[in-house]
Amino acid sequence: MTSAGNLDVRTAAGAVRGRAEDGLVVFRGIPFAEPPVGEARFQAPRPVRSWEGTREAYEFGPPPPHESGIQGRAGVLDAPIGDDWLTVNVWTPETDPSARRPVMVWIYGGAYKLGHTGSPGYDAQHLARAGDLVVVTLNYRVGIEGFTLLEGAPANRGLLDQVAALEWVRDNITAFGGDPGQVTVFGESAGAGSVASLLAMPGARGLFGRAIAQSVPGTYFSAELARDIAVEIGKEAGLAPTAAALSAVDPRQLPAVGERLSLRMREYDDRWGQVAPTVTPFSPVVDGEVLPCTPWEALAAGTARDVELLVGHNRDEYRLFLFLADRFGKITEEQAASALRMFAPGPDGERSYREAFPDATSTELYERVQTDWLFSMPSLRLAEAHVAGGGRAHLYELTWPAPGFRGALGACHGLDIPLLFGTYDADLGQLLFAGSGVPEEAKELTVLFQSAWAAFARTGDPGWPAYDAEDRLTQVLDAEPQVRPYPEEASRRLWEGHDFLALPLLK
């Protein structure tokens with residue numbers, strides 16, 4: 001049992017007290033920045049003020065204002081209410097400053113519009129214990145608060161929050177038994193897009209030496225597109241698209257504005273192009289300052305060549321969204337053709353996809369092209385760009401099908417989260433494992449995920465060869481894991497030479 005003496009840790013801002021939990025010491029809700037309200041609303045995060053005495057770090061901090069959704073709903077009923085959104089949580093085997101364990105910092109996903117670290121699916125105890133690691137999770141602003149490009153506010157405030165949290169790790173993690181010189185950032189979906197962004201951001205350099213990006217979304221907005229979306233958000237709110245005007249709206253009411261716009265984004269097909277059919281009007285903005293260029297451009301130029309990268313995706317990413325919308329197996333030929341014209345690369349993209357997948361149904365074509373455009377090809381191309389820029393990358397693909405609904409969901413988006421964290425009965429895991437229990441294969445994959453991620457955090461080697469343009473060796477995560485050339489060769493060839501650029505405003 002951990003003694004009471006080392007449950008107290010002194011941070012730069014003041015002392016905090018954690019709890020002993022099954023061989024770990026856990027600290028929740030430690031502020032890393034001031035509440036971003038009042039004069040700080042829509043601004044870059046400000047240093048947290050110091051406090052007197054010892055602060056109890058027993059409960060997760062209040063969630064940032066966010067939209068509803070599987071992750072958005074999770075844990076909300078039990079979450080505290082308040083403005084102290086910008087907090088970190090720490091799971092550590094011991095708080096001995098001399099321990100110097102590797103540190104993993106988790107960035108949650110959620111379409112850049114929902115999510116918070118109090119979601120039970122992000123309980124890091126199993127990963128910290130299995131990997132003998134210090135694991136940190138952080139809250140960051142999402143939606144309009146974090147990503148809408150507003151006059152009078154810096155761009156990419158959610159990313160700036162993540163940088164501030166990483167600075168907190170640099171300055172404080174030694175006291176929690178971690179090594180500030182051995183930090184790995186890892187995230188999934190919008191969290192992976194955030195990791196990719198951090199690799200390209202001048203403000204994040206030197207704050208981490210390794211990065212894991214799980215299902216990187218390819219959506220980055222040009223400043224022109226982001227401004228146009230902001231105008232429509234302002235109209236939806238009945239206000240000017242400025243920080244000063246939107247500050248009049250209660251932060252907890254503002255996510256409803258984004259939700260209403262999300263429901264009618266198809267009205268903007270002619271202006272927003274590929275963004276319009278998606279579920280979110282939020283993404284990192286290539287503003288030229290906070291984020292100078294897209295991650296693919298930055299990595300190919302060697303910007304992050306000193307950072308080791310582990311990146312991958314799931315085989316059937318987009319099937320989750322079809323399933324949630326009750327559209328799986330119901331896509332018409334016309335809808336498939338429209339999706340191919342919208343998302344497939346090149347002027348003959350539709351024909352190329354049909355030739356590459358001659359036996360595919362309408363639903364399969366619709367799913368395949370959107371899986372490729374949104375997640376799998378951006379993830380693959382991130383590895384390729386990093387290698388081209390002189391960096392080292394390891395690639396994986398998860399192909400094991402989720403057992404819920406008799407396997408109909410396949411290896412869909414988000415399946416890697418319960419497998420990595422071992423949280424099969426929480427958040428999205430409740431859907432993916434619905435009615436099936438936890439098969440032994442899932443437990444074995446969890447051991448593989450946790451051991452590989454921990455090994456990468458410790459050594460930079462997850463246990464399989466690095467990716468290169470010649471052999472393209474990839475770790476396939478399934479009931480019988482194997483290393484083989486990248487499995488989605490047909491898609492890789494279709495997207496070869498395609499550049500993932502900032503999405504433009506069409507007119």
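When reading the values below, keep in mind they use all heavy atoms of this one structure, side chains included, and skip hydrogens, waters and symmetry mates.
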Mind checking whether His116 and His66 have parallel, tilted or perpendicular rings, split at 30° and 60°?
parallel
Could you measure the distance from the CD1 atom of Ile30 to the OG1 atom of Thr87? Nearest 0.5 Å is fine.
9.0 Å
Hydrogens and angles aside, do Glu317 and Ser376 bring a side-chain donor and acceptor to less than 3.5 Å of each other?
no
Taking C-beta and beyond as the side chain, do Pro295 and Leu382 meet within less than 4.5 Å on heavy atoms?
yes
Smallest heavy-atom separation, Ala276 atom then Arg266 atom, equals O-CD, 3.5 Å
When the aromatic ring centroids of Phe323 and Phe328 are compared, is their separation below 6.0 Å?
no
Indicate whether any N or O donor in one side chain lies under 3.5 Å from an N or O acceptor in the other, for Tyr318 and Gln370.
yes
If the test is ring pair (Phe, Tyr, Trp, His ring centres under 6.0 Å), which one of Trp296, Trp373, Phe375 qualifies with Phe500?
Trp296
Can you find a side-chain donor-acceptor pair between Trp400 and Glu444 that sits under 3.5 Å?
no
Please tell me if the side chains of Gln125 and Arg129 come closer than 4.5 Å, counting only heavy atoms from C-beta onward.
yes
Yes or no on side chain to side chain donor-acceptor pair (under 3.5 Å) for Tyr424 and Thr446, after CA distance, side-chain angles and deciding distance?
CA-CA 10 Å; Tyr424 316 107; Thr446 293; 2.7 Å; yes
Any side-chain donor paired with an acceptor under 3.5 Å for Asp123 and Thr423?
no
Please lay out, stage by stage, how Phe282 and Val142 fare under the test side-chain contact (heavy atoms from CB on, under 4.5 Å).
CA-CA 8 Å; Phe282 309 108; Val142 295; over 6 Å; no
Kindly indicate whether the side chain of Val476, heavy atoms from C-beta on, has any atom under 4.5 Å from the side chain of Pro481.
no
Just checking Trp272 against Phe221, ring centres under 6.0 Å apart?
no
Does Cys412 offer a backbone N or O that forms a donor-acceptor pair with the side chain of Asn314 under 3.5 Å?
yes
Polar side chain donor-acceptor pair, Asn89 to Thr137, under 3.5 angstrom
yes
Check: Thr280 and Thr219 side chains under 4.5 Å, non-hydrogen atoms
no
Answer with yes or no whether the side chains of Ser194 and Gln162 bring together a donor and an acceptor at under 3.5 Å.
yes
Aromatic contact between Trp106 and Phe421, with the criterion being ring centroids under 6.0 Å apart: yes or no?
yes
Parallel, tilted or perpendicular, judged at 30° and 60°: which one describes the rings of Phe176 and Trp168?
tilted
